[in-house]
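For reference, the structure discussed in these notes is given below.
We count ligands from 1, going down the list as the structure has it; atoms in each ligand are counted the same way.
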Amino acid sequence: MSLLQDLQNRSGNTCELCTATTNLKIYEVPPTSAGGVDGSLLACDTCIDQIENPSTTDSNHWRCLNDSMWSEHRAVQVVAWRLLSRLKAEGWPQDLLDMLYLDDDTLAFAKATNEGLDDSEKIIHRDVNGVILETGDSVVLVKDLKVKGSSMVAKQGTAVRNIRLDHENAEYIEGKVDGQQIVIITKYVKKS
Ligand SMILES: [Zn+2]
């Protein structure tokens, strides 16, 4: 079965956020590394538009989270958490947020885009020059690095494409060197 079919079955062919039944699409919850059914949900155009364009957020539309935040599906919980965080200054979203319990992994996933977080709570990855790194960026190593658990040395100047961020630690990113996924310390890379 395709991802779309899986999501249609799971949701009964309704928007998993607001229960609309038309213009439904797959929404892959960023960062999409989780992917698949667990990292995606079925949502309508209205919901997806507002998720992706925060300036168009209509807080009344998101009263629907009152119900959908109780979904058993992680992707739905994560999006609900992000939207409620975005809107928390309105009061009622903060009340819902206070009731929404997420396990540690799910909470880390929810916070991974820094949506709705105060500056002090954000985990921001910076390269050797202080430039902000994001998932999918390419970097170059600025010194030779021993790769933990192997005899390999990743040489200075090596390009690492499509990095991933460690969402619990601003000092770590991950990327592939010689086909091997390794953890790299941000101060030893330069964004390219
Ligand atoms: Zn919707």
Side-chain angles (χ1 to χ4, degrees), residues 1-125 132-137 162-168 170 174:
M1 268 202 306
S2 70
L3 176 59
L4 183 61
Q5 286 171 322
D6 281 340
L7 292 174
Q8 284 169 335
N9 289 345
R10 177 172 94 179
S11 65
N13 224 352
T14 59
C15 174
E16 292 187 88
L17 298 167
C18 77
T19 70
T21 54
T22 50
N23 298 322
L24 302 175
K25 283 194 290 216
I26 297 173
Y27 176 67
E28 285 194 345
V29 184
T32 46
S33 52
V37 175
D38 192 44
S40 309
L41 53 81
L42 195 67
C44 70
D45 270 350
T46 309
C47 284
I48 293 177
D49 266 4
Q50 294 192 31
I51 292 169
E52 292 180 343
N53 302 295
S55 63
T56 67
T57 310
D58 166 15
S59 63
N60 270 329
H61 177 74
W62 296 106
R63 297 267 179 186
C64 59
L65 295 175
N66 210 349
D67 295 317
S68 48
M69 73 179 217
W70 302 109
S71 167
E72 63 188 296
H73 304 296
R74 199 160 167 249
V76 183
Q77 296 169 359
V78 164
V79 171
W81 190 94
R82 288 181 188 168
L83 265 302
L84 292 170
S85 298
R86 183 190 292 180
L87 296 166
K88 64 187 173 190
E90 305 226 359
W92 64 265
Q94 181 66 56
D95 294 341
L96 294 183
L97 213 46
D98 289 343
M99 288 189 281
L100 180 57
Y101 172 80
L102 303 183
D103 65 45
D104 289 350
D105 277 358
T106 307
L107 187 60
F109 183 13
K111 289 184 173 177
T113 54
N114 285 334
E115 171 100 50
L117 296 185
D118 299 328
D119 281 348
S120 62
E121 297 175 280
K122 287 182 185 173
I123 293 185
I124 296 173
H125 296 70
I132 293 178
L133 299 170
E134 287 174 52
T135 300
D137 279 350
N162 198 15
I163 60 164
R164 289 191 201 170
L165 308 179
D166 180 330
H167 291 294
E168 281 164 27
E174 283 179 35

Are more than 12 heavy atoms from other residues, nucleotides or ligands located less than 6.0 Å from atom CG of Asp103?
yes

In this structure, the Zn ion (ligand 1) sits at the vertex of an angle between SG of Cys47 and SG of Cys44 that rounds to 10° as 110°

Would you say Cys64 has an N, O or S atom lying under 2.8 Å from the Zn ion (ligand 1)?
no

Just checking: His61, one of its N/O/S atoms, less than 2.8 Å away from the Zn ion (ligand 1), yes or no?
no

Might you confirm whether atom CD of Glu52 has over 12 heavy atoms from other residues, nucleotides or ligands at distances under 6.0 Å?
yes

How about Gln94 and Asp98: does a side-chain donor come under 3.5 Å of a side-chain acceptor?
yes

Short question: side chain of Glu115, backbone of Leu83 - any donor-acceptor pair under 3.5 Å?
no

Taking the Zn ion (ligand 1) as the vertex, measure the angle between atom SG in Cys18 and atom SG in Cys15; round to 10°.
110°

